[in-house]
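In this text the structure is predicted, and so the values were computed from the model without any measurement.
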Amino acid sequence: MNAKKQYNKVVLAYSGGLDTSIIIPWLKETYGVKDVIAVCGNVGQGKELDGLYEKAINTGASDAYIEDLTEEFITDYVYPTMQAGAVYEGKYLLGTSFARPVIAKRLVEIAKEVGADAICHGATGKGNDQVRFELTVKALAPDIDIIAPWRIWDIKSREEEIEYAQARNIPVPVDKEHNYSMDANIWHLSHEGSDLEDPWNEPKDDLYMICKTPEEAPDKPCYFTIEFEQGIPVSIDGQKYGPVELITKLNKLGAENGVGIDDLVENRLVGMKSRGVYENPGGRILYTAHAGLEMLTLDKDTMHYKEGVAAKYAELVYDGKWFCPLREALAAFVTETQKTVTGTVRMKLYKGNCTHVGLKSPYSLYSEEFATFGEDEVYDHKDAEGFINLFGLPLKVRALALKDKDV
């Protein structure tokens, strides 16, 4: 990026944190930007949004948008990923990964509406988010410039950021008591940095801001049911909920019972390993329930093939390729598989454990009549002999061919 280039109007992905607070004056000083339009995508981060509009204006933004994207985030990003069964490296439910494209998509829309010259974000050069933001912009607005201050400016540390802000009378949110790098939305809360940078350190109990620890959870198990229609959760204990209300309800149930805590050393897209601790109570419940219902309703070939699709889907989402052709093609496959994923799952939560303990569906492929160990009138055991003879024929032929040969 040419630091001497002049921009008239820039749309900034704004959170109100230290980075994006100082980016507003930095853009004006560096590029001569006349109008910085701060855009915050509300994906359920809660109190972080309090007073954000006023803060953006007071920090030098010419305008600010606080966009409620929470329901779109759940229905268009969370649910399709859950239906795919996509989990990154066995644990990570992609809470930050798929929040970035929905926010970046809105940045692009507003940039086009206001006639912006560029889009700016505050993601660091070490992280995955820079890729996720920028790939979305490239996919949806290939002609617009992207400004990434952390890859350009001379600021090298958080301390220098604070000095820069103080010199310009910009209030900075610094919490020395809880100094983790965090990302929050309705789906999860992540924690990185501080003592977690040593993977030998056990997370401290006071780290958790959503979930009780399993030790603190009630001694009595919690039971409830979740109903799905074509792979989409629609009700809890028979009561219908909208997407936001349903996730909020499951978050509460999971958090109270210590469910959804994951400690992961993950492979970042940019090449390094990083350690993160995630609180994802509602997400863990939904993934577990949905997977249980699929066991009942999907045939063997589809279910086994879908396991491979899930791994690739998770990798694409993690790598910021939400709007790539392959992710969209895999999503079409997943949608087709969900036509019969309708039914009810009975869940049991107990001290951090999350299990399904009951499954039923009008499309169930399970037949007690065929599967029973008791007497039945539908299965002829003698049929198994011919099946095994044919199924094992390649092994038998090979063994005969190699008989008495030194191989």
Checklist entry - Would Thr136 and Arg100 count as having a side-chain donor-acceptor pair, cut-off 3.5 Å? => result no
Checklist entry - What residue pairs, at least two apart or across chains, pass side chain to side chain donor-acceptor pair (under 3.5 Å) with a residue in residues 44-54? => result none
Item to check | Qualifying salt bridge (charged side-chain N to carboxylate O under 4.0 Å, His left out) pairs, either residue in residues 231-241, two or more places apart | outcome: Glu229-Lys240
Item to check | Donor on one side chain, acceptor on other, Tyr223 and Arg346, under 3.5 Å | outcome: no
Item to check | Test log, rule ring-ring contact (aromatic ring centres under 6.0 Å, His included), inputs Tyr164 and Trp26 | outcome: CA-CA 9 Å; Tyr164 184 96; Trp26 181 86; 8.3 Å; no
Checklist outcome for this item: To the nearest 0.5 Å, atom CG of Leu359 lies from atom CG of Leu296 at 5.5 Å
Next on the checklist: Under a 3.5 Å distance rule, please check whether Gln230 uses its side chain to pair with a backbone N or O of Gln338 as donor and acceptor.
Outcome noted: no
Checklist outcome for this item: Correct closest heavy-atom pair for Thr96 and Ser190 would be OG1-OG, 4.1 Å
Item to check | Side chains of Thr302 and Asp299, donor plus acceptor under 3.5 Å | outcome: yes
Checklist outcome for this item: Shortest non-hydrogen pair, Leu93 vs Phe98, comes out as O-CZ, 3.6 Å
Checklist entry - Can you name the nearest heavy-atom pair linking Ile285 to Met347, along with the distance? => result O-CE, 4.0 Å
Please tabulate, for side-chain N and O atoms in residues 256-271, each donor-acceptor pair with protein atoms closer than 3.5 Å (sequence neighbours left out).
{"residue": "Glu256", "atom": "OE2", "partner": "Lys252", "partner atom": "NZ", "Å": "2.7"}
{"residue": "Asn257", "atom": "ND2", "partner": "Leu253", "partner atom": "O", "Å": "2.9"}
{"residue": "Asp262", "atom": "OD2", "partner": "Arg284", "partner atom": "NH2", "Å": "2.9"}
{"residue": "Asp263", "atom": "OD1", "partner": "Arg275", "partner atom": "NE", "Å": "2.8"}
{"residue": "Asp263", "atom": "OD2", "partner": "Arg275", "partner atom": "NH2", "Å": "2.8"}
{"residue": "Glu266", "atom": "OE1", "partner": "Tyr278", "partner atom": "OH", "Å": "2.6"}
{"residue": "Glu266", "atom": "OE2", "partner": "Tyr318", "partner atom": "OH", "Å": "2.7"}
{"residue": "Asn267", "atom": "OD1", "partner": "Lys273", "partner atom": "NZ", "Å": "2.9"}
{"residue": "Asn267", "atom": "ND2", "partner": "Glu89", "partner atom": "OE2", "Å": "2.8"}
{"residue": "Arg268", "atom": "NE", "partner": "Ser274", "partner atom": "OG", "Å": "3.2"}
{"residue": "Arg268", "atom": "NH1", "partner": "Lys126", "partner atom": "O", "Å": "3.2"}

Item to check | Working for salt bridge (charged side-chain N to carboxylate O under 4.0 Å, His left out), residues Glu113 and Lys9 | outcome: CA-CA 12 Å; Glu113 289 171 11; Lys9 190 175 293 186; over 6 Å; no
Checklist entry - Around Lys306, counting heavy atoms of other residues, nucleotides and ligands shown, do more than 12 lie under 6.0 Å from its NZ? => result yes
Next on the checklist: I'd like to know if the side chain of Thr337 reaches the main chain of Val334, judged simply by a donor and an acceptor atom lying under 3.5 Å from each other, with no hydrogens or angles considered.
Outcome noted: yes
Checklist entry - Side chains of Cys40 and Ser15: does their closest heavy-atom pair fall under 4.5 Å? => result no
Item to check | Pair Trp153-Thr30, side chain to side chain contact (heavy atoms under 4.5 Å, CB included): steps then yes or no | outcome: CA-CA 9 Å; Trp153 61 19; Thr30 307; over 6 Å; no
Checklist entry - Among side-chain atoms of Glu227 and Thr225, is any donor-acceptor pair under 3.5 angstrom? => result yes
Next on the checklist: Nearest 0.5 Å, please: how far is NZ in Lys28 from CD1 in Ile23?
Outcome noted: 13.5 Å
Next on the checklist: For the backbone of Leu316 and the side chain of Asp319, can you confirm whether one donor and one acceptor N or O come within less than 3.5 Å of each other?
Outcome noted: no
Next on the checklist: Within this structure, what is the CG-NE2 distance for the pair Leu207 and His191, rounded to the nearest 0.5 Å?
Outcome noted: 4.5 Å
Checklist entry - Hey, what do you get for OH (Tyr287) to CG (Asn280), rounding to the nearest 0.5 Å? => result 8.5 Å
Next on the checklist: For residues 71-88, which residue pairs pass the side chain to side chain donor-acceptor pair (under 3.5 Å) check, not counting sequence neighbours?
Outcome noted: Glu72-Lys105
Checklist outcome for this item: Tightest non-hydrogen contact, residues Leu349 and Cys354, listed as CD2-SG, 3.8 Å
Item to check | Side-chain touch Thr297/Thr342, heavy atoms, less than 4.5 angstrom | outcome: no
Checklist entry - Quick one: are Ile119 and Val108 in side-chain contact, heavy atoms under 4.5 Å? => result yes
Next on the checklist: Whether Lys351 and Asp219 form a salt bridge (side-chain N of Lys/Arg under 4.0 Å from carboxylate O of Asp/Glu) is what I want to check.
Outcome noted: yes
Checklist entry - Could you give the distance from CG (Asn201) to CG (Asp195), rounded to the nearest 0.5 Å? => result 5.5 Å
Checklist entry - Does Asn8 have any side-chain hydrogen bond (donor to acceptor under 3.5 Å, both in side chains) partners at least two apart in sequence or in another chain, and if so, which? => result none
Checklist entry - Sub-3.5 Å donor-acceptor pair from the side chain of His121 to the main-chain atoms of Ala123, do we have one? => result yes
Next on the checklist: I'd like to check Phe323 versus Pro101 (side-chain heavy atoms, cut-off strictly below 4.5 Å). Are they in contact?
Outcome noted: yes
Next on the checklist: Would you say NZ of Lys249 has more than 12 non-hydrogen atoms from neighbouring residues, nucleotides or ligands within 6.0 angstrom?
Outcome noted: no
Checklist entry - Under the side chain to side chain contact (heavy atoms under 4.5 Å, CB included) criterion, do Val244 and Ile74 qualify, and how do the steps go? => result CA-CA 7 Å; Val244 175; Ile74 295 171; 4.0 Å; yes
Checklist entry - Do NZ/NE/NH1/NH2 and the carboxylate oxygens of Glu336 and Lys339 come within less than 4.0 Å? => result yes
Item to check | Minimum heavy-atom distance between Ile226 and Ala289, given as atom pair plus value | outcome: CD1-CB, 4.0 Å
Checklist entry - Is atom CD of Glu202 surrounded by more than 12 heavy atoms (other residues, nucleotides or ligands) closer than 6.0 Å? => result no
Checklist entry - Are Leu27 and Ile147 close enough, and set up right, to give a side chain to side chain contact (heavy atoms under 4.5 Å, CB included), and what steps lead you there? => result CA-CA 9 Å; Leu27 283 170; Ile147 302 172; 4.0 Å; yes
Checklist outcome for this item: d(Ile103 CD1, Arg106 CZ) to nearest 0.5 Å is 12.5 Å
Checklist entry - What closest approach, in Å, do Gly127 and Gln130 show between heavy atoms, and which atom pair accounts for it? => result O-NE2, 3.0 Å
Checklist entry - Can you name the side-chain hydrogen bond (donor to acceptor under 3.5 Å, both in side chains) partners of Glu315, sequence neighbours left out? => result Lys312
Checklist entry - Are Leu298 and Leu365 close enough that some pair of their side-chain heavy atoms sits under 4.5 Å apart? => result no
Checklist entry - Is the shortest heavy-atom distance from the side chain of His188 to the side chain of Tyr92 under 4.5 Å? => result yes
Item to check | Contact check, side chains of Leu326 and Cys324, non-hydrogen atoms, under 4.5 Å | outcome: yes
Item to check | Under-4.0 Å salt bridge between Arg151 and Glu134 | outcome: yes
Item to check | Verdict with reasoning, Phe333 to Tyr305, per ring-ring contact (aromatic ring centres under 6.0 Å, His included) | outcome: CA-CA 11 Å; Phe333 164 78; Tyr305 191 83; 5.7 Å; yes
Checklist entry - Is Lys5 salt-bridged to Asp117, cutoff N-O under 4.0 Å? => result no
Checklist entry - Asn389 and Leu393: side chain to side chain contact (heavy atoms under 4.5 Å, CB included), yes or no, with the steps? => result CA-CA 6 Å; Asn389 285 338; Leu393 187 58; over 6 Å; no
Item to check | Beyond-backbone contact of Arg132 with Asn128, side-chain heavy atoms, under 4.5 angstrom | outcome: yes
